[in-house]
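First the proteins, then the strands, lettered A, B, ... as listed; each starts at 1. In what follows, every heavy atom counts, from backbone to side chain, and hydrogens, waters and symmetry copies are set aside.
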Amino acid sequence: MAQKFATREEDYSKWYNELVGRADLAEHSGVKGCMVIKPYGFAIWEKMRDILDAKFKETGHSNAYFPIFIPKSLFEAEEKNAEGFAKECAVVTHYRLKADPNNKGKLIVDPDSKLEEELIVRPTSEAIIWNTYKGWIQSYRDLPILINQWANVVRWEMKTRLFLRTTEFLWQEGHTAHATKTEAIQETEQMLDVYTEFSENYMAMPVIKGFKTESERFAGADETYCIEAMMQDGKALQAGTSHFLGQNFAKAFDVKFADKEGKLDHVWATSWGVSTRLMGALIMTHSDDEGLVLPPKLAPIQVVIVPIYKNEEELKLVSEKALEIKKALFSKGISVKFDDDDNRRPGWKFAEYEVKGVPVRLAIGPRDLAENKIELARRDTKEKMTISLDGLDLFIENLLNDIQDNLYNRALKFKAENIHYVDSYQEFKEKIETVGGFFMVHWDGTAETEAKIKEETKATIRCIPLDAKEEAGKCMVTGLPSSKRVVLAKAY
RNA sequence: CGGGGUGUAGCGUAGCCCGGUAUCGCGCCUGCUUUGGGAGCAGGAGGCCGUCAGUUCGAAUCUGGCCACCCCGACCA
């Protein structure tokens with residue numbers, strides 16, 4: 001029977017780690033803090049990437065590619081950005097190895113190959129990109145520049161976790177340049193909306209849109225917009241950020257343009273990104289103790305067909321029907337796997353596809369053929385039913401939509417149930433430890449209070465919701481006046 | 001990076017205190033029987049015990065360095 005694995009209740013963190021392995025998504029590599037994304041995991045990321053990429057193009061962006069290395073002098077140009085990332089940068093100082101004279105077969109760094117100037121492995125690409133944009137922009141006619149890059153970046157974190165925080169990770173980073181502040185802010189908000197739409201409609205993951213407080217803001221940004229999602233343990237996960245960079249990078253890299261009147265001004269900028277971290281968000285939003293649960297729109301395999309048979313002859317009959325079904329589903333754009341591997345028995349396959357989160361499983365055997373029926377199991381509710389083979393393709397097409405909706409509604413309900421409106425700091429301190437979740441509280445707007453809460457409770461202000469209602473209140477810590485509630489939670 | 005823990009076959013483990021080259025389960029290979037919820041029986045393969053050094057006649061076992069992982073902090077998307 002099923003092996004014993006950690007449940008969410010017992011040990012949420014262990015459950016997550018085991019699940020990533022059991023579902024064959026990723027594993028630790030021989031490099032500290034870096035993961036190998038396995039084919040099944042990468043297939044999910046590819047779906048995310050393709051959908052997002054199409055959305056970026058729909059909104060007028062083009063892809064380009066910039067170097068992985070940034071000379072230190074460029075990196076330090078925008079002071080706040082440099083300062084913010086300095087303590088987590090990988091630095092290339094040499095360009096050659098040579099045979100170790102004292103240790104046969106081993107190599108050492110050739111001290112004669114020291115670089116004149118160190119190269120920073122990009123933790124983010126604003127610096128190299130704005131240094132490039134300087135050469136591309138002279139006039140308002142050159143604007144806007146709407147570019148996205150799919151790339152890997154490196155941030156030398158202390159503690160890493162598969163997908164959630166790895167030293168190297170994959171992401172996309174959009175970098176745009178605009179003639180006006182208004183246009184740049186519109187772009188920032190537009191991309192936050194793209195991320196929101198993707199999270200909710202594809203990942204089936206509800207999010208809260210908001211602004212970051214000054215202390216949580218991206219280094220070098222005037223304003224950071226974000227979407228925050230609630231994981232099943234009640235912790236918050238920042239799923240995407242969109243930054244209004246003001247003229248900070250334009251000033252640092254001296255990027256000016258001439259407007260219609262011939263007046264020179266610095267260019268306005270934005271940057272926005274999501275990463276392989278979304279994989280972690282996806283896992284922690286829907287999965288259960290049996291394994292991964294995938295929303296149909298991101299499932300590499302949407303339907304799996306498992307044949308049941310006792311001999312070659314039965315397999316032949318069953319296969320014929322199964323392939324017919326596969327073809328009908330395929331023509332509706334549904335991805336189907338017919339698993340006729342004879343080395344695995346049906347029970348094994350059932351368990352396997354459950355762990356991998358395949359939304360719909362069909363089992364077909366001689367008994368079903370005789371009755372013109374098929375057994376169908378849905379992963380989200382674990383419901384099993386026997387249905388007619390007639391009109392099966394249509395039924396499944398609708399079912400996949402139902403599953404997608406159900407997952408979203410389930411997550412939405414969970415989120416609603418775990419948002420607490422609290423006015424007393426004492427009550428907050430108690431509840432953050434007992435019930436967890438998101439807390440809507442009044443805050444006096446000062447960094448001091450924010451720091452105090454963080455120090456005393458480990459919770460941080462995740463965001464100031466964009467749709468926060470104006471409401472007279474008092475900061476739960478200091479009692480000073482506050483006009484709206486902010487989202488407070490422990491975060492990944 | 002600080003505190004604590006762990007590292008033995010693909011995975012999970014026993015053995016370590018009290019030194020004498022290794023236990024069990026799953027998986028893997030072969031054959032037969034099986035196939036509607038992780039199959040059964042029989043036979044078989046696979047490990048210089050994370051790594052490097054030291055102590056010793058002899059090290060999985062004792063000592064030290066390093067590496068990796070887990071938990072708790074600090075940092076962070």
Side-chain angles (χ1 to χ4, degrees), chain A residues 1-6 11-14 16-18 21-22 27-35 84-89 103 106 123-124 153-173 195 212 215-219 224 226-229 236-243 271-281 290-291 306-312 314-315 318 339-355 361-369 371 373-377 382 384 386 454-455 458 460 462 491-492:
Chain A
M1 272 310 287
Q3 293 96 319
K4 180 74 184 125
F5 289 106
D11 189 339
Y12 193 82
S13 171
K14 195 172 176 201
Y16 175 84
N17 289 332
E18 286 181 356
R22 279 204 289 156
E27 63 187 35
H28 289 287
S29 67
V31 192
K32 184 183 171 77
C34 296
M35 65 178 165
F85 285 102
K87 58 193 173 304
E88 53 192 70
C89 287
N103 207 344
K106 303 289 184 191
T124 183
V153 286
V154 168
R155 294 183 187 175
W156 214 266
E157 303 287 355
M158 295 297 159
K159 193 182 162 183
T160 60
R161 293 192 65 191
L162 292 170
F163 290 120
L164 296 172
R165 186 171 294 109
T166 47
T167 301
E168 179 195 23
F169 57 95
L170 304 182
W171 78 345
Q172 60 66 216
E173 46 181 328
Y195 291 154
K212 284 293 184 193
S215 70
E216 297 272 331
R217 199 173 282 162
F218 176 77
T224 287
C226 64
I227 51 175
E228 296 284 328
L237 188 143
Q238 178 176 304
T241 47
S242 186
H243 314 291
S271 71
W272 28 274
V274 296
S275 72
T276 33
R277 188 173 219 217
L278 286 181
M279 292 288 292
E290 275 69 54
V306 177
I308 315 286
Y309 54 92
K310 289 195 177 21
N311 51 49
E312 281 295 318
E314 283 186 1
L315 173 62
V318 168
D339 187 355
D340 61 348
D341 181 354
D342 193 42
N343 293 313
R344 301 289 186 196
R345 297 169 69 263
W348 191 92
K349 292 176 187 172
F350 292 170
E352 175 69 5
Y353 292 108
E354 232 159 62
V355 168
R361 183 187 73 228
L362 299 172
I364 183 163
R367 204 166 73 200
D368 305 294
L369 285 181
E371 298 169 16
K373 288 186 171 157
I374 195 162
E375 184 189 87
L376 183 152
K382 305 217 201 74
K384 266 208 269 198
T386 303
K454 183 176 179 180
E455 200 190 316
K458 306 269 158 43
T460 49
R462 301 319 305 154
Y492 275 99

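Spacing between atom OH of A:Y353 and atom C1' of B:G38 amounts to 13 Å, rounded to whole angstrom units. Distance CZ (A:R22) to C1' (B:G12): 14 Å, rounded to an integer number of Å. When rounded to the nearest whole Å, the span between CE of A:M35 and C1' of B:C69 equals 17 Å. In this structure, the CD atom of A:E18 is 14 Å from the C1' atom of B:C69, given to the nearest Å. We find that CG of A:L162 is positioned 13 Å from C1' of B:A68, with the value rounded to whole Å. Between the C1' atom of B:G36 and the CG atom of A:L362 lies a distance of 14 Å, rounded to the nearest Å. At whole-Å resolution of the value, CH2 in A:W348 and P in B:G27 are 11 Å apart. Between the CD1 atom of A:I364 and the C1' atom of B:U35 there is a distance of 16 Å, given to the nearest Å.
The neighbour count for A:W171 CH2, taken as heavy atoms of other residues, nucleotides or ligands under 6.0 Å away, is above 12. Under a cut-off of 6.0 angstrom, the local environment of NZ in A:K382 is crowded, with over 12 non-hydrogen atoms contributed by other residues, nucleotides or ligands.
A:V153 comes within contact range of no nucleotide atom at all, as no heavy-atom separation falls under 4.0 Å. When heavy atoms are screened at a 4.0 angstrom cut-off, A:D368 is found touching base atoms of the nucleic acid. Counting non-hydrogen atoms under 4.0 angstrom, A:P366 reaches a base of the nucleic acid.
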Report the C-alpha distance between A:T276 and A:M35 in whole Å, list the side-chain angles of each, state the deciding distance to 0.1 Å, and finish with yes or no for side chain to side chain contact (heavy atoms under 4.5 Å, CB included).
CA-CA 11 Å; A:T276 33; A:M35 65 178 165; 4.2 Å; yes
I would like to know whether A:R367 and A:E314 meet salt bridge (Lys or Arg N to Asp or Glu O under 4.0 Å); could you show each step before the answer?
CA-CA 10 Å; A:R367 204 166 73 200; A:E314 283 186 1; over 6 Å; no
Residues A:E290, A:R22; criterion side chain to side chain contact (heavy atoms under 4.5 Å, CB included); working and verdict
CA-CA 10 Å; A:E290 275 69 54; A:R22 279 204 289 156; over 6 Å; no
Please step through side chain to side chain contact (heavy atoms under 4.5 Å, CB included) for the pair A:L164 and A:L237, ending with a clear verdict.
CA-CA 9 Å; A:L164 296 172; A:L237 188 143; 3.5 Å; yes
For A:R462 and A:T460, run side chain to side chain donor-acceptor pair (under 3.5 Å): C-alpha distance rounded to whole Å, both residues' side-chain angles, the deciding distance at 0.1 Å, then the answer.
CA-CA 6 Å; A:R462 301 319 305 154; A:T460 49; 2.7 Å; yes
Any chance you could lay out the side chain to side chain contact (heavy atoms under 4.5 Å, CB included) test for A:F218 and A:T241, step after step, and finish with the verdict?
CA-CA 9 Å; A:F218 176 77; A:T241 47; over 6 Å; no
Quick one, give me the B/S/- string for nucleotides 70-77 of chain B, reading 5' to 3', where B means a protein heavy atom under 4.0 Å from the base and S means that only happens at the primed atoms, P, OP1 or OP2.
SSS-BBBB
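For B:C66 and B:G25, the C1' atoms lie 33 Å apart once the distance is rounded to whole Å. Using P as the reference atom, B:C62 and B:G5 are 14 Å apart when rounded to the nearest Å. Across the C1' atoms, B:G46 and B:U23 are found 15 Å apart, a figure rounded to whole Å. Taking atom P on both nucleotides, B:G7 is separated from B:C76 by 33 Å, rounded to a whole Å. For B:G40 and B:U21, the P atoms lie 34 Å apart once the distance is rounded to whole Å. Comparing the same atom, C1', in B:G73 and in B:C52 gives a spacing of 31 Å after rounding to whole Å. Comparing the P positions of B:G64 and B:C28 gives an interatomic distance of 41 Å, to the nearest angstrom. Nucleotides B:U6 and B:G10, compared at atom P, are 23 Å apart to the nearest Å.
Using the Watson-Crick or G-U wobble rule with both distances under 3.5 Å, B:A59 pairs with nothing in any strand shown. Across all strands shown, B:U13 forms no Watson-Crick or G-U wobble pair with both key distances under 3.5 Å. Of the nucleotides present, none pairs with B:A74 by Watson-Crick or G-U wobble criteria with both distances under 3.5 Å. The partner of B:G7 is B:C67, by the rule that a Watson-Crick or G-U pair needs both atom distances under 3.5 Å. Checking B:A39 for Watson-Crick or G-U wobble geometry (two distances, each under 3.5 Å) identifies B:U33 as its partner. Judged by Watson-Crick or G-U wobble contacts below 3.5 Å, the nucleotide B:G19 has no partner.
Closest to the side chain of A:V355, from the set B:U35, B:G36, B:G38, is B:G38. Closest to the A:K32 side chain, of the nucleotides B:G36, B:C69, B:G38, is B:C69.
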Distances under 3.5 Å between protein N/O atoms and the N/O atoms of nucleotides 28-33 of chain B, please, pair by pair.
| unit_1 | atom_1 | unit_2 | atom_2 | d |
| --- | --- | --- | --- | --- |
| B:C28 | OP1 | A:R344 | NH1 | 3.4 |

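Taking the six-membered ring for Trp and thresholds of 30 and 60 degrees, A:Y195 and A:W272 have ring planes more than 60 degrees apart, a perpendicular arrangement.
A salt bridge between A:R361 and A:E354 is present, with a side-chain N of the basic residue lying under 4.0 Å from a carboxylate O of the acidic one.
Remark: the A:R345 side chain and the B:G40 base include no donor-acceptor N/O pair separated by less than 3.5 Å. Side-chain atoms of A:K349 stay outside donor-acceptor range of the base of B:G36, with no qualifying N/O pair under 3.5 Å.
In this structure, NE2 on A:H28 lies 11.0 Å from SG on A:C34, to the nearest 0.5 angstrom.
Defined by atom type and a distance below 3.5 Å, a donor-acceptor pair is missing between the side-chain atoms of A:Y309 and A:D340.
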